[in-house]
Every structure is written in C-alpha cells, then in structure tokens.
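Have a look at the structure below, then the notes.
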Amino acid sequence: MSKQLVLLDHDGGVDDYLATMLLMTMDHIQPLGIVVTPADCYAEPAVSATRKILDLMECSHIPVAQSTVRGINPFPRLYRRDSFVVDHLPILNQSETIRTSLVAEPGQDFMIQVLREAPEPVTLMVTGPLTTVATALEKAPDIEAKIQRIVWMGGALNVAGNVDKNLEPGQDGSAEWNVYWDPISAAQVWQTQIEIIMCPLDLTNNVPVTSDIVYKVGKQRHYPLSDLAGQCQALVIPQDYYFWDVLATAYLAHPEFYQLREWETEIITTGLSQGRTKIVSGGRKISAMDTVDKKAFYAYILQQWAR
C-alpha cells in the first residue's frame, strides 16, 4: 500500500508543534515538507522550533520553508510569544546545530514546487490560516489539480467563534482565528473545487487539554516525545486550551474515529462578522468533522507520543 503524500502548513502555535509531532509518527504518511505561515507566532522562532522538533524525531530529511504571506488581522502578541518559549525548551536545545534544512525560497513558492513535483495529488494538512495556500493557488492555478484535499483546522459553524471581542473591538464574536487572520484568502480557497474537510470549533470545543491528559503524558516522560508534548501542554494548561490542530491532524491516521457532516457555507470577509464561516443554503459544500470518539483519540495520541 502506497503512503499518503502530505504537505503540512502550520502557523507556529503550541498545538501546531504537537500536530507536527503527531504527523511525523504516522507510518502510512509520507511528509513532503512543512511550511510555517507566520500567523499565531513569530516567524523565526517558529521555524527554528519546527526544525529542532524534526531533528529530535530523526526526521531531518524533511525540508521546512518559511512563508512570507501576511494576514489582515494579526494574532495577539500574547498568543504569538509562545513560539519563543517552545524554541527555548531544553529538550530541543541539546545540540548546537540544526540538521533539518530551511529551504531558500518562500513557503508559498515551496508549496508550488512540492505540488508540481509530486507524483500524485497531495493532501494539504493546514492547521493555520489558508493564506499561504491561497497565495500559491493565485500564483500557480495549475496546482489545484495536484491537491487531493485540504484537511483544515478552522471555522465555527453552529457555535461562537474564538475571536474575543475584548481583544478585537467591533467584532461580533462569530469568527474563528484561522479564518479571521485573513478571511479574504479563506474565501478565495472557498472558490476552488478542492475537497475541504474542516475541523471546526464545534468539535474542538469538546476536546480540551485537561490536567488529566497532561498528567498521563507526564507519566511517559521517559519517552522524548512525551517529554516535549508534556512541556508544551503544561505551558498552556492555565488557559482554556483545546486539541485544535492535533484533533484535525489525527483524522489523517484514523478517520474512523470521526463522523463527518456536509454543510453549505460561505466566508464572511467584511463587517462585524468578518472571519465567520456561515452556513447558507446554496453555499460552498464542505465536510466538517462533527463528532469524534474522544476515548480513542486520547488513547491514540498517548500511544503515538510513547516514543
């Protein structure tokens, strides 16, 4: 059985690093590279941390690229500074050199190159905004045929968004951050014919990072991945934090854990609701992860990080 070709596009948040770690443990996946979109992070430490994680996992053959796209509504600095913390974790700094290569071209150009050179269509695993994908498609429309599907952590369909009105005055609270950062690019991707499988807040709100799971990871800390995962999760435990990107990424390995539901939708790009993923009759059809077997999901990540 041939391996599934996957290109990861993440945006440097704590859960993005955890999703990266999970993806690299999947035996049936062939990662073609990682693009770091500078959204929920500061770009340089996020790229550095990603390369160090690949080194730790003996995956230094997988190239990393830094996207140079910019969003419309920046993530709060308080969120973005976690990229500095992760990049300085002791377990990632046991060597003075980084073996994993940083490609010279911008991430959006690297994405075009990878897709064009792939022998078959590729799954884009996107755990941040869709801006790098939209930019690549705009520069090279031919790559749409090389994208098998986009599995994306983003959006909120029948629940409130997570763009806090106290941080973003003038918004109505319906937007999810990965859409809100650049709703215009999300809307551009919505205009394509690419299959989209969303992991929205409707699902992730039910799968929190709890003290119980962090303690269980801690009991495995003699494994390097569990040690790193536990440190990352301890960093966010005082917050209302969820398995956003990890839950989306786990779908690649175990789709049977999930139930999907089809919706007709549109992306709101202006006004009080900009960044909202709205259900509308006759809108763009997408599949959303609707339910998940939480017990199986938690057991799976504990198993994968026990190495």
Side-chain angles (χ1 to χ4, degrees), residues 3 6-38 40-67 80-103 107 110 114 125 127-128 153 209 213-237 241 243-250 252-253 298-307:
K3 292 189 175 185
V6 175
L7 178 61
L8 174 63
D9 176 359
H10 79 64
D11 71 330
V14 171
D15 54 329
D16 293 274
Y17 306 122
L18 295 170
T20 299
M21 293 160 55
L22 183 64
L23 184 68
M24 295 303 129
T25 68
M26 296 180 184
D27 293 333
H28 73 294
I29 295 294
Q30 182 177 337
L32 300 179
I34 298 176
V35 177
V36 179
T37 294
D40 191 12
C41 65
Y42 289 93
E44 290 189 7
V47 168
S48 176
T50 300
R51 295 170 65 202
K52 291 173 183 177
I53 288 169
L54 293 179
D55 279 4
L56 179 71
M57 298 186 69
E58 301 296 333
C59 295
S60 57
H61 59 284
I62 298 172
V64 175
Q66 179 178 325
S67 175
R80 297 163 62 202
R81 70 181 186 181
D82 286 342
S83 54
F84 282 103
V85 177
V86 175
D87 189 42
H88 283 78
L89 291 175
I91 194 171
L92 294 180
N93 289 281
Q94 301 175 83
S95 174
E96 294 183 358
T97 59
I98 303 177
R99 301 189 307 277
T100 299
S101 65
L102 175 62
V103 301
F110 173 70
V114 167
M125 182 68 239
T127 58
M153 192 280 120
V209 176
I213 192 71
V214 175
Y215 293 150
K216 287 179 179 177
V217 173
K219 291 175 182 176
Q220 301 183 168
R221 72 176 297 257
H222 54 285
Y223 296 108
L225 290 195
S226 289
D227 193 11
L228 176 56
Q231 290 180 44
C232 289
Q233 291 171 329
L235 175 64
V236 300
I237 200 67
Y241 211 86
F243 276 101
W244 295 295
D245 299 344
V246 180
L247 188 62
T249 304
L252 298 181
Y298 284 134
Y300 171 65
I301 60 173
L302 286 169
Q303 167 194 299
Q304 295 305 100
W305 288 337
R307 59 184 76 192

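Computed from heavy atoms alone, side chains included, the values below leave out hydrogens, waters and symmetry copies.
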Show the nearest heavy-atom pair for residues [X] and [Y], with the distance to one decimal.
X	Y	result
Leu228	Met21	CD2-SD, 3.6 Å
Val86	Val14	CG2-CG2, 4.4 Å
Met26	Ala250	CE-CA, 4.1 Å
Leu22	Trp305	N-NE1, 4.0 Å
Ile91	Pro224	CD1-O, 3.4 Å
Val47	Leu102	CG1-CD1, 3.6 Å

His88 side chain to Ser83 backbone, donor-acceptor under 3.5 Å: no
Would you say the side-chain atoms of Asp16 pair up with the backbone N or O of Asp11, donor to acceptor, closer than 3.5 Å? yes
Side-chain donor-acceptor contact under 3.5 Å, [X] with [Y]:
X	Y	result
Asp55	Ser60	no
Thr100	His61	no
Asp245	Tyr17	no

Take the angle between the ring planes of Phe84 and Tyr42 and call it parallel below 30°, perpendicular above 60°, tilted in between. tilted
Note: Lys52-Asp87 ion pair, threshold 4.0 Å (strictly below): yes
Is it true that Glu58 and Arg307 make a salt bridge, defined as a side-chain N closer than 4.0 Å to a carboxylate O? no
So do Val64 and Val103 actually touch side chain to side chain, heavy atoms under 4.5 Å? no
Can you tell me if Gln220 has over 12 outside heavy atoms packed within less than 6.0 Å of its CD? yes
